[in-house]
Amino acid sequence: MEEKYVPSAVEEKWQGYWAEHKSFKANEDPSRKKYYLLEMFPYPSGKIHMGHVRNYSIGDVIARFKRMQGYNVLHPMGWDAFGMPAENAAIQNKSHPAKWTYENIAYMRGQLKTLGLSYDWDRELATCDLDYYKWEQRIFLEMYKKGLAYKKSSAVNWCPKCETVLANEQVEDGCCWRCDSPVQQKELEQWSFRITNYAQELLDDTYKLTGWPERVLTMQRNWIGRSTGCEIDFPLENGLGKIKVFTTRQDTLFGATFMSLAAEHPLALDLASDAQRAEVAAFIDKVKKTDRIKRGAEDLEKEGVFTGSYCINPVTSTKMPIYLANFVLMDYGTGAVMAVPTHDQRDFEFARKYNLPLKVVIQPEGETLDPATMTEAYTAEGIMANSGRFDGMGNADAKEAIADFLEKEGIGKKTVNFRLRDWGISRQRYWGNPIPVINCDLCGVVAVPEADLPVVLPMDAEFTGEGGNPLARVDSFTTCTCPQCGETARRETDTMDTFVQSSWYFLRYCSPKFSAGPLDREKVEAWMPVDQYIGGIEHAVLHLLYARFFTKVLRDLGYCNVDEPFSNLLTQGMVIKDGAKMSKSKGNVVDPNALIERYGADTARLFSLFAAPPEKDLDWSDQGVDGSYRFLNRVWRLVYDVLPVIGEAGSVNPGELGAEAKKLRRAVHKTIKKVSEDVEERFHFNTAIAAVMELVNAIQAFAAKDAPENVAVVREAVESVVRLLAPFVPHFAEELWFQLGHASVLEAAGWPGYDAAAVVDEEVTVVIQVNGKLRSKLTVAPDAKEEEIRAQALADDKIKPYLEGKDVKKVVYVPGKLVSIVVA
RNA sequence: GCGAGAGUGGCGGAAUUGGCAGACGCACCAGACUUAGGAUCUGGCUCCUCACGGAAUAGGGGUUCAAGUCCCCUCUCUCGCACCA
């Protein structure tokens, strides 16, 4: 054994061994329990960053731990490889996105291998591989045939810098989630997935996801945004039609005194009287422009304009003026709101501003509201008033009663409304999966026939950065014949949102080479669902909601039988340095390469696991890394030092140990117990590692290491340290295990179990409190009688002075823990 | 504004069920070995106090023999949502 720990030599050796033996290849094996472990796959941006190191180190601990426990572990890795940075790089370097992407993948794959992560590399996939995206095209067409993929013209979020459409989820603070440019509104024909068909199931199933963090589920539930209420028709005064509203407050219907429409409402301009027309048109224009910048801006003043038309409140028959209002959103509900200023704060402000009538229909108990003196809307519970036959009811009951009444009268009906919108997947970019349809002047949209699939991305596109989608300028691609009528037609040039690819890659990993379809059902059933998924919290809604949706769609298309893809979700925190997220502009980036070169992968892994529990942000500290490195060196030296004496040691004979040796052995087994629990039940790797450090300190403090009667205990202790460290620092542990003379690898050795008899304490410390303050301690046998301990506590030399001249009111005894004496 | 989470030494963090607050590591201090130390080893290290002891888990109140942990109020920070009718 080398005296000095040389990480590069050790790591090279074992990485070579693992590659050569395909140590992490996963095969279906019904005789063993399966465990599918997955970390979110990276975008091949060029090189890995510390966030990746952390994410994948966490995953690797679990993978290796589960393997040592005997599970059949599937642990795959791949590349989320389509997307704009590749296209931007192509423009800059006058190159091709494919070249850039595959070069990055090659480099980053090398980096991941350098970290010693235990992936089954035979399952590696890149979403830009034809062999991946062609199957997605097939899924798309099946969705199209079922009406789950459709084309519609709509106002979309448009990023002027990326020159592409963004889903609502991809707009953050009115800006593009990727490049941060202000998002504009634009009317465009685009493809969508009908995720709203699954809104209810996506919501319901959040309650089955008991292994997910509550805040992720809350975010998804809020995003889906289910609310129950009524749709109510308000006839126009002129008798020419009606306005449909959605409300959750049908109990306030009798108090509706005016109507507010979104500026984009289809009737907005039609309703304008001649006198109001100019003003209405100007308002619509203004709102649309505001929209572009930031309609959701804080405290945007409520503004509106009278259309000049009226509708009729269907239950009171009063005339209600129709306004356009800037706070009414076209894409929620029906784009029209019945305004009840007395019981809705927005309507209240609007009514005060434009002098509209107020009518109280809910009175708080023991109080009478007067519309003339109200300073804000009353939105809480109360008793119905001015509401005809519903007067006197509690408003909660009236909600139900009025809904029934509306249905009976044919004025309205109960409905459920969701905030969730359909998922717009069209992107006007080249580097994505081409949507496999053809636009024919005669036949309209025609699906590409299955025999003509796949639609291959042409390699001869030009990347100039100008003129929008490069794909649209490749004539050989766009020009085609209509499969239906045979006339010349134009191929669709929109590509799919990259979130589509990441919505089913975890399924494809189960049968990555399957050539008869996207998924081999048998394999999928063998591995799915993912037992543990690990990734950043930033995907709480986007990726994780889409992936859940897609899984359900694939289930309904008959590809799998899974309802939910991820049984357990771990959202790891960010890597922070000097109080900020690592970024080039802050100059606080730590380069994994430099770290590995200087300390080795094991130290990099160890520190990123030790510095904080996985779900918390990790504060990077260069000195902390030194500490982790020192620890490994200490363990190496310990093994080096004791190796000559423990080489021939047999197994421990617990009955023949001296007191000190017994104590060491107890520490060993207690540590095994604690590390097992910390890793298995809590993923608290920081405390697990701390426990091993304590054990190492204890071994070092154990004086008579080389006494013949102790060598077996020392060997057991040292070997336990090595085995317990295996998931965290795999190369390091494997090498020491080898040096300790083992012919087989650590995985074969398995995760150590603890000896229940060895962890039992020979004596326990019982603390003695007087009036809640710690005054003394007793050392007693674990099976000491309660009376004895109580008596000893009261007779204790340090306790006596506190009892003198006082009454002992009460003595509380907690077995094996403490005696609490209350005196007065 | 609404919702969720957090606040513990100089720092990262422990304390799993209400039972010895500060495990483990970093930094720092002292000592040993040493030509030397950014290596290694030993010891110290919350604050106040010479000490006995006392105080302390953002602040205030409460429950309890006992509170970092449970309850109420206030403050601060982080994240998510933000006119969703």
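Since we're looking at a predicted model, the values are computed, not measured.
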May I ask you to check if A:K302 and A:F350 form a cation-pi contact, with NZ or CZ under 6.0 angstrom from the six-membered ring centre and within 45° of the axis?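 No, A:K302 does not lie over the aromatic ring of A:F350.
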Separation between the [atom1] atoms of [N] and [M], rounded to whole Å:
N     : M     : atom1 : value
B:G22 : B:A55 : C1'   : 15 Å
B:U17 : B:C84 : C1'   : 43 Å
B:G7  : B:A14 : P     : 10 Å
B:C29 : B:G37 : P     : 14 Å
B:G31 : B:A67 : C1'   : 41 Å
B:C50 : B:U57 : C1'   : 29 Å
B:C72 : B:C24 : P     : 36 Å
B:C48 : B:A56 : P     : 15 Å

Starting from [atom2] on [N], measure out to [atom1] on [X] and report it in whole angstrom.
X      : N     : atom1 : atom2 : value
A:E694 : B:G22 : CD    : C1'   : 13 Å
A:K809 : B:C65 : NZ    : P     : 13 Å
A:H684 : B:C24 : NE2   : C1'   : 15 Å
A:R215 : B:A6  : CZ    : P     : 10 Å
A:M574 : B:C79 : CE    : P     : 7 Å
A:L329 : B:C81 : CG    : C1'   : 14 Å

Assess the residue pair A:F607 and A:Y599 against the criterion (ring-ring contact (aromatic ring centres under 6.0 Å, His included)); give the C-alpha distance rounded to whole Å, side-chain angles, the decisive distance to 0.1 Å, and a yes or no. CA-CA 11 Å; A:F607 178 72; A:Y599 299 98; 9.7 Å; no
Do the two ring centres, one from A:F610 and one from A:F631, sit under 6.0 Å apart?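 No.
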Do A:Y5 and A:F732 have ring centres separated by under 6.0 Å?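 Between A:F732 and A:Y5, which both carry aromatic rings, the centre distance is below 6.0 Å.
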Ignoring the backbone of [X], work out which of [options] is nearest its side chain.
X      : options             : value
A:R346 : B:C83, B:G19, B:A23 : B:C83
A:F610 : B:C24, B:C81, B:A15 : B:C24
A:F327 : B:C83, B:A23, B:C20 : B:C83
A:V337 : B:A85, B:C24, B:C84 : B:A85
A:K817 : B:A85, B:G19, B:G13 : B:G19

By salt bridge (Lys or Arg N to Asp or Glu O under 4.0 Å) - contacts of A:R682 (at least two apart):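 Listed in chain order: A:D678.
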Identify whether any heavy atom of [X] sits under 4.0 Å from a base atom; if not, whether one sits that close to sugar-phosphate; answer base, sugar-phosphate or nothing.
X      : answer
A:N222 : nothing
A:D344 : nothing
A:N417 : nothing
A:V822 : sugar-phosphate
A:S227 : sugar-phosphate
A:N771 : nothing

Any protein N or O atoms within reach of nucleotides 26-28 of chain B? Criterion: under 3.5 Å, listing atom names and distances.
{"unit_1": "B:C26", "atom_1": "OP1", "unit_2": "A:R630", "atom_2": "NE", "d": "3.2"}
{"unit_1": "B:C26", "atom_1": "OP1", "unit_2": "A:R630", "atom_2": "NH2", "d": "2.8"}
{"unit_1": "B:A27", "atom_1": "OP2", "unit_2": "A:R630", "atom_2": "NH2", "d": "3.2"}

Is the shortest distance from a Lys or Arg side-chain nitrogen in [X] or [Y] to a carboxylate oxygen in the other one below 4.0 Å?
X      : Y      : answer
A:E677 : A:K673 : yes
A:K798 : A:D796 : no
A:E376 : A:R352 : no

Is a side-chain donor-acceptor pair under 3.5 Å present for A:N417 with A:S227?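 Side-chain D/A pair, A:S227 to A:N417: absent.
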Quick check: on RNA chain B, is the nucleotide nearest A:S820 upstream (toward 5') of the one nearest A:K777, or the reverse? Name the residue that is more 5'.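 Upstream on the strand: A:K777.
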Within residues 666-681 of chain A, find the residues that approach RNA chain B with a heavy atom at under 4.0 Å, and present them sorted by residue number.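 The answer is A:K674, A:D678.
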Tell me the salt bridge (charged side-chain N to carboxylate O under 4.0 Å, His left out) pairs involving residues 215-230 of chain A, sequence neighbours left out?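 Pairs touching residues 215-230 of chain A that pass the test: A:E214-A:R221.
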Any heavy-atom pair between the side chains of A:V668 and A:I672 that's under 4.5 Å?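 Counting from C-beta outward, A:I672 and A:V668 do come under 4.5 Å.
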Locate the shortest heavy-atom distance separating A:A540 from A:Q220; write the atom from each residue and the value.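 Shortest heavy-atom contact: O-NE2, 2.9 Å.
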Going through the checks in order, is the ring-ring contact (aromatic ring centres under 6.0 Å, His included) test met by A:F258 and A:Y354? CA-CA 11 Å; A:F258 62 99; A:Y354 294 103; 8.8 Å; no
Pairing pattern in dot-bracket form [Watson-Crick, G-U; both distances under 3.5 Å; | = partner strand] for RNA chain B: (((((((..(((......[....))).(((((.......))))).(((....)))..(((((..]....))))))))))))....
What nitrogen or oxygen pairs link the protein and nucleotides 53-57 of chain B at under 3.5 Å?
{"unit_1": "B:G54", "atom_1": "OP1", "unit_2": "A:R775", "atom_2": "NH1", "d": "3.2"}
{"unit_1": "B:G54", "atom_1": "OP1", "unit_2": "A:R775", "atom_2": "NH2", "d": "3.1"}
{"unit_1": "B:G54", "atom_1": "OP2", "unit_2": "A:R775", "atom_2": "NH1", "d": "3.3"}

